[in-house]
Amino acid sequence: MSIMQEYEKIKKEIGEEKFDTIEQYIDEICPKSNFRMYEKELNSLTGLELEEWDKQKKKLEQKYGIIFLSDVLYNKEQWNKFESWYEQKSKTYVIEMWETNADRNDGFGQVIEEDIENLGQAIKKAKEFFETSECVSIEVQKAIGREAVYFKDKVEEKFFINTQEELDEPE
């Protein structure tokens, strides 16, 4: 079985949404800037025997906090850390806004608030920001999966929970 087939099997077992959020987790705990510095130093390791190069590579991974998809999937400690992160993120919301209708249509939103743990508080912040800015629309989304739970523009205000079906304002 190829590694890609194995990853596809794991994706089916844990669910596509959860599998896809592993990349978000890795980006959050190991910023791309760390990865670029790691790669730069790794590329400078020349003229070493394979065993020594591998030791130096592992030291650099520790130095920069580098983890890979395989680390999360196959290392119980990393998997447990991911599970804790996932549990926390699944209870949080982000606020995204669009300055123009063209931005919204083209998918060029700006995340202005992240990791708000209370839906009511997230909606309140979104309303306040909408009223004090020049944006054309604003949305509260689940942090994982970016599913909309609240939307407001100059014409309408909608609430969604679990589906894109409009609901009454949550309490």
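Under the 3.5 Å distance criterion, with hydrogens and angles disregarded, a donor-acceptor pair is assigned to the side chains of Glu96 and Gln141. Under 3.5 Å, the side chains of Gln56 and Glu52 contain a donor-acceptor pair of N or O atoms. The closest side-chain donor-acceptor pair between Glu6 and Tyr74 falls under 3.5 angstrom.
For Glu13, the CD atom sits in a packed shell: over 12 heavy atoms of surrounding residues, nucleotides or ligands are nearer than 6.0 Å. Atom CD of Glu61 has more than 12 neighbouring heavy atoms from other residues, nucleotides or ligands inside a 6.0 Å radius. The environment of NZ in Lys154 is crowded: more than 12 heavy-atom neighbours from other residues, nucleotides or ligands sit within 6.0 Å.
Here Glu131 does not pair with Lys127 in a salt bridge; the nearest charged N to carboxylate O distance is not below 4.0 Å. Glu83 and Lys18 are joined by a salt bridge, as a carboxylate oxygen and a charged side-chain nitrogen come within less than 4.0 angstrom of each other. Under a 4.0 Å N-O distance rule, the pair Lys91/Glu87 qualifies as a salt bridge. A salt bridge is defined here as a Lys NZ or Arg NE, NH1 or NH2 lying under 4.0 Å from an Asp or Glu carboxylate O, and Lys152 with Glu139 fails to meet this definition.
Looking only at side-chain heavy atoms (C-beta outward), Lys11 and Asp20 come within less than 4.5 Å of each other. Considering only heavy atoms from C-beta on, Glu23 stays 4.5 Å or farther from Leu69 through its side chain.
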For side-chain contact (heavy atoms from CB on, under 4.5 Å), just list the numbers for Trp85 and Gln24, CA-CA rounded to whole Å, side-chain angles, deciding distance to a tenth of an Å, and then say yes or no.
CA-CA 10 Å; Trp85 175 89; Gln24 184 182 347; 4.0 Å; yes
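Annotation: ring-ring contact (aromatic ring centres under 6.0 Å, His included) contacts involving residues 134-158, sequence neighbours excluded, comprise Tyr150-Phe159.
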